[in-house]
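What follows is a set of notes on a single structure, which appears directly below.
Being a predicted model, the structure only gives us computed values, none of them experimental. Just so we're on the same page: letters track the sequence lines, and every chain starts at 1.
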Amino acid sequence: MASGSASLMWFRKGLRIHDNPALQYAAEGTKFLYPVFVIDPHYMEPEKNAFSLGSARAGLNRINFLLESLADLDSSLKKLGSRLLVLKGEPSEVLIRCLKEWEVEKLCFEYDTEPYYQALDFKVKNYASTAGIEVFSPVSHTLFNPTDIIQKNGGRPPLSYQSFVKLAGQPSSPLSHTLSSLPLVGDVGSCVISEVPTIKELGYVDIGQDESSPFRGGESEALKRLNEIINDKEWVATFEKPKGNPSAFLKPATTVLSPYLKFGCLSCRFFYQCLQDVYKNVKRHTSPPVSLLGQLLWRDFFYTVAFGTPNFDQMRGNRICKQIPWNDDDELLTAWRDARTGYPWIDAIMVQLRKWGWMHHLARHSVACFLTRGDLFVHWEKGRDVFERLLIDSDWAINNGNWLWLSCSSFFYQYNRIYSPISFGKKYDPNGDYIRHFLPILKDMPREYIYEPWTAPLSIQTKAKCIIGRDYPKPVVLHDSASKECRRKMAEAYALNKDLNGMVSEEDIRNLRRKLKEDPEQEAKNKRIR
DNA sequence: CTCCGGTTGTTCGG
DNA sequence: CCGAACAACCGGAG
């Protein structure tokens, strides 16, 4: 092949045509362009032992969302005279083989701050540099370059939203140029190329509409959704995140653009620009941190801290994370995970998570607080794993950041503020319509008992065709005593962290755990007799 | 060292 | 709808 004739666009996130600097650069001055996506079997292929349908790493809803996004990308590329080349295997091995086979001179892919991609990209860039291949890896998944912000702050990421905003300045603008055509795909040689697979082709059984996410993946869907939102200027101008209703499910109280941002079906820079256009044309509008635009800043905040904090996704060895003697109680964890806590508000949210792969931000708060510092005192890493698997918008930086936040391990420290698994939902949805929808076993429970069905007289339970303890579980803990106990443990743990100036060893944690267990009477009181 | 502010708690009183 | 008590946290600025 002639020199400079082939370039490879490696899609990972950034599954879009619009505002895609890597794609645009890949398409410039080349005869052939190879748009590639590598399916990592570990991420995509069925894993029997997982607690939900899906692969070792991802639940079926997110795999499906990704496949839909890839199919949409393929169709858009075809309209531009190209196509998506799908390959299977360990991504760096596959990619390096392609680079050799196609004599690629220019490799382009979006820069990624996640540890998984940092390690992967290191291998690929290493090969490219020895082979003399030009690499272009622009930052386009976030508004700002996390590296720049960390550098501006003296090498450490800012740990509060306000200090982040002060450092951030103006975000980068989306590309104004729209691609009208792409170079041809060259000969693929001996590389095995496939079409975007269906869920069945990957070895999954179809689970049916009722059990799966109502949100369809892809750039086209993202732009359609964005358009609908942007056209409702009043809604955009008055959006206030903390005032949203977590129990709204017929029409969610937020944009549900998060899964599209996660996979890069939607450019956050384009979204940012659209929001500013709306703000310019209205008399008044809400502002960060609570406005829609503020949500994009929060996203960048978490990306920046996550990138600049070693071991961000764990408690140990994480310098911004409080060391807390969390329980290692698998029974409580699985009750929470499988929607069997006996608190309808909590269980309904967990059902929505499993079926839809999405729930409102405040609903996430409610269940995360309940699992960790609020009631069960289970390690936030365990809850993080469940979210990471089941959410279609699961994003490494944001998911871990929010678990750190909600468990009062970092960013937020007012552990006395505990969401009530009873009153929090009730104030938005006194009739319990949300519960009735996601937990149909409780659909005939009268409204005065729907949030606390164990308090309903047996005659009422019988009439509602739901006996507590048989058809629906009794509460795994009593919120009043359990939350009080959690407060006590948090206070002790905080005191220890303060005394030791954050240098808490594993042994210190063990000792504290022993000390906190000295009150078995209290422990027993928290648990309901089952 | 002090002081201030912190996207999103709950309950009670007015 | 709004403020105060609850009990008192932290990061960041000065």
Side-chain angles (χ1 to χ4, degrees), chain A residues 149 152-154 156-168 238-248 252-255 258 275 285-302 304-305 308-309 318-324 343 345-346 349 359-370 372-375 398 401-430 451-452 479-502:
Chain A
I149 293 182
K152 267 194 224 168
N153 199 41
R156 290 202 173 195
L159 295 179
S160 75
Y161 172 85
Q162 293 301 346
S163 56
F164 168 80
V165 170
K166 272 183 205 164
L167 288 162
T238 56
F239 182 92
E240 272 183 82
K241 186 69 166 279
K243 292 200 176 152
N245 178 355
S247 72
T254 51
T255 61
S258 54
L275 289 174
H285 60 83
T286 53
S287 297
V290 298
S291 66
L292 268 185
L293 196 129
Q295 305 316 300
L296 287 175
L297 297 175
W298 277 105
R299 178 174 177 272
D300 261 62
F301 167 70
F302 283 124
T304 305
V305 189
T309 307
N318 181 347
R319 68 176 177 228
I320 68 165
C321 182
K322 290 255 181 278
Q323 304 297 305
I324 294 168
Y343 286 92
W345 170 248
I346 299 297
I349 294 167
M359 67 282 209
H360 187 273
H361 185 65
L362 291 178
R364 300 180 194 203
H365 275 216
S366 226
V367 295
C369 178
F370 185 84
T372 58
R373 65 182 171 85
D375 290 84
I398 298 168
N402 276 304
W403 276 97
L404 284 164
W405 185 295
L406 260 299
S407 64
C408 281
S409 296
S410 199
F411 309 117
F412 176 80
Y413 306 95
Q414 284 165 282
Y415 56 79
N416 280 310
R417 295 187 185 173
I418 292 173
Y419 290 88
S420 162
I422 297 153
S423 18
F424 185 69
K426 204 186 270 180
K427 81 180 168 201
Y428 298 100
D429 179 18
Y451 284 87
E452 300 165 272
H479 174 66
D480 280 349
S481 53
S483 61
K484 217 172 153 187
E485 188 62 7
C486 283
R487 281 190 172 99
R488 184 179 75 91
K489 288 177 177 172
M490 290 300 284
E492 293 269 7
Y494 267 45
L496 181 71
N497 277 266
K498 205 173 194 174
D499 283 353
L500 300 176
N501 199 19

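- B:dG9 atom P lies 14 Å from atom CH2 of A:Trp345, rounded to whole Å.
- Using Watson-Crick or G-U wobble geometry with both donor-acceptor distances under 3.5 Å, C:dA8 finds no partner in any strand shown.
- Counting only distance, with no hydrogens or angles, the side chain of A:Ser409 and the backbone of A:Cys321 share no donor-acceptor pair below 3.5 Å.
- Within 6.0 Å of NZ in A:Lys243 there are 12 or fewer heavy atoms belonging to other residues, nucleotides or ligands.
- At whole-Å resolution of the value, CZ in A:Phe424 and C1' in B:dG9 are 8 Å apart.
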Next on the checklist: Walk along nucleotides 1-7 of chain B from 5' to 3' and tag each nucleotide B, S or - by protein heavy-atom contact under 4.0 Å, base first, then sugar-phosphate.
Outcome noted: -----BB
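- Nucleotide C:dC6 holds its P atom 22 Å from the CZ atom of A:Arg488, rounded to whole Å.
- A distance-only check finds a donor-acceptor pair linking the side chain of A:Asn402 to the backbone of A:Ile398 [under 3.5 Å].
- Residue A:Lys427 is classed as a sugar-phosphate contact, given heavy-atom separations below 4.0 Å to backbone atoms only.
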Between protein and nucleic acid, restricted to nucleotides 12-14 of chain C and to nitrogen or oxygen atoms under 3.5 Å apart, what atom pairs and distances do you find?
residue, atom, partner, partner atom, Å
C:dG12, OP1, A:Leu159, N, 2.9

Item to check | A:His479 vs A:Asp375, side chain to side chain donor-acceptor pair (under 3.5 Å): CA-CA, chis, key distance, verdict | outcome: CA-CA 6 Å; A:His479 174 66; A:Asp375 290 84; 2.6 Å; yes
Write out a two-atom table: protein N or O, nucleotide N or O from nucleotides 11-14 of chain B, distance below 3.5 Å.
residue, atom, partner, partner atom, Å
B:dT11, OP2, A:Ser423, OG, 3.0

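- Pairing for B:dT7 is absent, judged as Watson-Crick or G-U wobble with the two contacts each under 3.5 Å.
- If you check every strand for non-hydrogen atoms under 4.0 Å, A:Leu362 touches a base.
- The same atom, C1', is picked in B:dT2 and in C:dC6; the two are 24 Å apart, to the nearest Å.
- A:Ser410 contributes a side-chain N or O that, together with a main-chain N or O of A:Ile320, makes up a donor-acceptor pair within less than 3.5 Å.
- With C1' as the reference atom, C:dA8 and B:dG5 are 14 Å apart, rounded to whole Å.
- Here A:Lys498 reaches the OP1 or OP2 of C:dC10: one of its side-chain N or O atoms lies under 4.0 Å away.
- Using a distance-only test at 3.5 Å, with no hydrogens or angles considered, no donor-acceptor pair links the side chain of A:Glu240 to the main chain of A:Ser287.
- Salt bridge absent: A:Glu492 and A:Lys489 never bring a charged side-chain N and a carboxylate O closer than 4.0 Å.
- Atom CD1 in A:Ile418 sits about 9 Å away from atom C1' in B:dG9, given to the nearest Å.
- Taking atom P in both B:dT8 and C:dG3, the straight-line distance is 15 Å, to the nearest Å.
- At most 12 non-hydrogen atoms from other residues, nucleotides or ligands lie less than 6.0 angstrom from CZ of A:Arg156.
- In this structure, A:Ile422 atom CD1 and B:dG9 atom C1' are separated by 14 Å, rounded to whole Å.
- Counting only heavy atoms from C-beta outward, the side chains of A:Ser407 and A:Ile324 never approach each other to under 4.5 Å.
- B:dT7 and C:dA13 have their P atoms separated by 14 Å, with the value rounded to a whole Å.
- No side-chain donor-acceptor contact under 3.5 Å links A:Tyr161 to the backbone of A:Phe301.
- In this structure the side chain of A:Val305 never reaches within 4.5 angstrom of the side chain of A:Phe164, judged on heavy atoms.
- One can place CE of A:Met359 at 15 Å from C1' of B:dT8, the figure rounded to the nearest angstrom.
- Relative orientation of the A:Tyr494 and A:Tyr413 rings is perpendicular, given thresholds of 30° and 60° on the angle between their planes.
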